[in-house]
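We name chains A, B, ... by the order of the sequence lines, and we start the count at 1 in each one. This is a predicted model, so every value here is computed, not measured.
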Number of protein chains: 2
Amino acid sequence: MLVRTTEAARRANLLRDFGITSSTDHAVSLNEFTYKKGTEIFGEKEPAKYIYQVKLGAVRTHKLLSDGRRQIGAFHLIGDIFGLENAALHRFTAEAVVETTVRLILRTTLEHLAESDAVVARNLRTMTTSNLQHVEDHLLLLGRKTAMERVAAFLHDMSVRSTAAGVMSLPMSRRDIADYLGLTIETVSRAISQLHADGVISFRSNTQRDIVVLDHDRLTALDKPN
Amino acid sequence: MLVRTTEAARRANLLRDFGITSSTDHAVSLNEFTYKKGTEIFGEKEPAKYIYQVKLGAVRTHKLLSDGRRQIGAFHLIGDIFGLENAALHRFTAEAVVETTVRLILRTTLEHLAESDAVVARNLRTMTTSNLQHVEDHLLLLGRKTAMERVAAFLHDMSVRSTAAGVMSLPMSRRDIADYLGLTIETVSRAISQLHADGVISFRSNTQRDIVVLDHDRLTALDKPN
DNA sequence: CGGTCCGTTGATCATGCTCAAACGGAGTGG
DNA sequence: CCACTCCGTTTGAGCATGATCAACGGACCG
């Protein structure tokens, strides 16, 4: 009995770790899996069997045109949920940007849970909504913002999301950033160089992936408010 | 008693008209309202009090940058639901493209209904999902497609959605189309002229807003498949 | 130490934007 | 009924932003 109680508590904790609160205790199986850099986690149009949370690393989701042009929809950092589709099939391909460990939860489990537990259902809707909000904001960026505004918005967003102190370490390549912002790698590189020359950002260590935001206000000013 | 039953039946029918099926009968108040061409139905960041369905006319939803640049997120035609945010505030401004009549339903009513009725909840989720899908596909268009591909995709989509026969009547202006596709009115106009010159489409009547798709295959070929 | 990958920088190009003018319905008033 | 204006659209000419093509350099890795 004691064992069963402990096990239920552990599962409840795992569920809570997944960012999903429940009004009652439920048995939910949570597994972990690690993907090497660049490998596919799930493909577009595959059945959406699991919902994922990034435990360690970073994930990108993208769509492709037949000739190889790529649009990255979002980057998912530690703690973020992804693969939550509310549909039978995934609508993006998900890949590990770097070596990445994810937690998995069966979609059917969560949906079944949502049927009986309004709190879980509400949580799922909230997550879908924040997905939607991000994508909607990205529409405006892709449709109407200049290259510099896009890069500034990206750095600002990453800075807010990933930094505790002033340094952020971008796990993704210039190509990934370019495909996220609807630009080329050269344009992204030039914009970042410009920001550096203007004293808005600086680089830390030997790699180009650690960026310090020196002038946060100037960065946000470059990204036109909406 | 008979009166009450009839009233319940009427309400159930209205709910069904709204595209929301319910497992049981519920009292749902449905109102209609008509907006003049160009008027605002709701504004960005306003409380999302109602959910809407287009009964007659057409609606556009948009976001603005501070300097007036506009991104239209979607056009809603007859039968379409809009304003379904799953959040406290609207994230787009909605305006009537032409004189438009909408059906309204209180968001709280629907949400309350969804709490107890899993079928309603599922329907709401399905609608949110199709919103999400449309926006995600639009990301790819705005980030990676050429002007001609965008216009072709737009005409194809409108043709599929609004046409019974071969003629579609576009209710929105070139400016609206441009702001939807992330282009300028001149570029949209040139692309449409090009399609006309190439014999892919033709114009009906005296106005420029009735378009006949002559070569559906060639139109879809111009929009790269994804 | 050679090779590869990734990012930067430079030079040129092209797609789509800007500016400008003309066109053509729709509506209005003489 | 016709002239007039207004407004949205088309078309043209030149321009600019960002793409393309190319070369270089540093980091990493065998």
Side-chain angles (χ1 to χ4, degrees), chain A residues 36-38 65 67-71 97-99 141-155 169-198 201-211 222 224, chain B residues 37-38 60 65 67-71 97-99 141-155 169-198 201-211 222 224:
Chain A
K36 285 208 174 62
K37 177 176 176 170
L65 291 176
D67 60 1
R69 281 175 286 174
R70 182 176 68 153
Q71 179 62 47
V97 172
V98 290
E99 172 139 335
L141 181 145
L142 292 175
R144 287 300 178 214
K145 290 187 183 180
T146 65
M148 184 53 89
E149 287 167 355
R150 294 180 200 203
V151 172
F154 171 73
L155 291 178
S169 187
L170 301 179
M172 69 291 287
S173 68
R174 292 290 186 265
R175 170 146 303 285
D176 285 344
I177 299 173
D179 285 349
Y180 176 62
L181 299 177
L183 300 170
T184 59
I185 51 174
E186 293 94 333
T187 299
V188 170
S189 182
R190 279 184 244 272
I192 290 178
S193 296
Q194 186 65 47
L195 290 172
H196 184 231
D198 293 352
I201 60 172
S202 79
F203 301 121
R204 178 68 57 88
S205 82
N206 42 12
T207 159
Q208 303 107 318
R209 292 194 175 181
D210 293 333
I211 292 183
L222 285 170
K224 295 270 176 175
Chain B
K37 176 175 176 173
R60 62 175 177 253
L65 291 176
D67 59 1
R69 281 174 288 174
R70 183 177 69 154
Q71 180 62 48
V97 173
V98 292
E99 173 140 335
L141 180 145
L142 292 175
R144 287 299 178 215
K145 290 188 181 178
T146 65
M148 184 53 90
E149 286 167 357
R150 294 180 199 203
V151 172
F154 171 73
L155 291 178
S169 185
L170 300 179
M172 69 291 288
S173 67
R174 292 290 186 265
R175 170 146 301 285
D176 285 345
I177 300 173
D179 285 349
Y180 177 63
L181 299 176
L183 300 170
T184 59
I185 51 175
E186 293 94 333
T187 301
V188 170
S189 182
R190 278 183 245 272
I192 290 178
S193 296
Q194 186 65 47
L195 289 172
H196 184 232
D198 293 352
I201 61 173
S202 80
F203 303 121
R204 177 70 57 87
S205 80
N206 41 15
T207 160
Q208 303 110 317
R209 294 195 174 181
D210 293 333
I211 293 183
L222 286 170
K224 295 272 178 174

Please tabulate, for the side chains in residues 182-191 of chain B, all donor-acceptor contacts under 3.5 angstrom to protein atoms that are two or more places apart in sequence or on a different chain.
unit_1   : atom_1 : unit_2   : atom_2 : d
B:Thr184 : OG1    : B:Thr187 : N      : 3.3
B:Thr184 : OG1    : B:Thr187 : OG1    : 3.0

Inset, instruction - Would you please name every residue forming a side chain to side chain contact (heavy atoms under 4.5 Å, CB included) with A:Arg209, sequence neighbours left out? - result: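 With neighbours one apart ignored, the set is A:Ser173, A:Thr207.
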
Legend entry - Residues forming a side chain to side chain contact (heavy atoms under 4.5 Å, CB included) with B:Leu222, sequence neighbours excluded: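 Counting only residues at least two positions away or on another chain, B:Leu222 forms a side chain to side chain contact (heavy atoms under 4.5 Å, CB included) with B:Met148, B:Ala152, B:Leu195.
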
Nearest-Å distance for atom pair [atom1]/[atom2], residues [X] and [N]:
X        : N      : atom1 : atom2 : value
B:Leu170 : D:dG8  : CG    : P     : 16 Å
B:Asp67  : C:dC17 : CG    : P     : 15 Å
B:Leu195 : D:dT10 : CG    : P     : 12 Å
B:Lys37  : C:dG27 : NZ    : C1'   : 13 Å
B:Asp210 : C:dG25 : CG    : P     : 14 Å
B:Arg69  : C:dT18 : CZ    : C1'   : 15 Å
B:Ile192 : D:dT11 : CD1   : P     : 11 Å

Legend entry - Check: A:Leu181 and A:Lys145 side chains under 4.5 Å, non-hydrogen atoms: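 A:Lys145 does not reach A:Leu181 side chain to side chain.
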
Inset, instruction - Find out whether A:Phe203 and A:Ile192 are in side-chain contact, i.e. whether some heavy atom of one side chain is under 4.5 Å from a heavy atom of the other. - result: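 A:Phe203 vs A:Ile192: side chains touch.
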
side-chain hydrogen bond (donor to acceptor under 3.5 Å, both in side chains) partners for [X], two or more places apart:
X        : result
B:Asp198 : B:Gln194
B:Arg60  : B:Glu95, B:Asp176
A:Arg69  : A:Asp67, B:Glu149
B:Ser169 : B:Asp210

Inset, instruction - State, to 0.1 Å, how close B:Pro171 and B:Val98 come at their nearest heavy-atom pair, and which atoms those are. - result: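 Scanning both residues, the minimum pair turns out to be O-CG1, 3.8 Å.
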
Inset, instruction - Kindly give the heavy-atom pair with the smallest separation between A:Arg150 and A:Leu142, and that separation in Å. - result: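 A:Arg150 and A:Leu142 have their closest heavy atoms at NH2-O, 3.1 Å.
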
Inset, instruction - Look at A:Arg209 and C:dG7 and indicate whether a side-chain polar atom (N or O) is within less than 4.0 Å of OP1 or OP2. - result: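 Yes, within the criterion.
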
Inset, instruction - May I ask you to evaluate whether A:Thr187 reaches the phosphate of D:dG18, defined as a side-chain N or O under 4.0 Å from OP1 or OP2? - result: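 A:Thr187 to D:dG18 OP1/OP2: no side-chain N or O under 4.0 Å.
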
Legend entry - Angle of first-five versus last-five pair axes in the helix from C:dC1-D:dG30 to C:dG30-D:dC1, to 10 degrees: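 The value is 30°.
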
Inset, instruction - Pull out every residue in residues 141-151 of chain B that has a heavy atom closer than 4.0 Å to any atom of DNA chain D, ordered by number, or say none. - result: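 Heavy-atom contacts with DNA chain D come from no residue of residues 141-151 of chain B; none.
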
Legend entry - base_contact_polar (C:dG10 base, A:Arg190 side chain, donor-acceptor, <3.5 Å):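 Answer is yes: a donor-acceptor pair is held.
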
Inset, instruction - Tell me which residues in residues 173-186 of chain A put a heavy atom below 4.0 Å from DNA chain C, sorted by number, or none. - result: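 The stretch gives A:Ser173, A:Arg174, A:Glu186 as the residues lying under 4.0 Å from the strand, ordered by number.
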
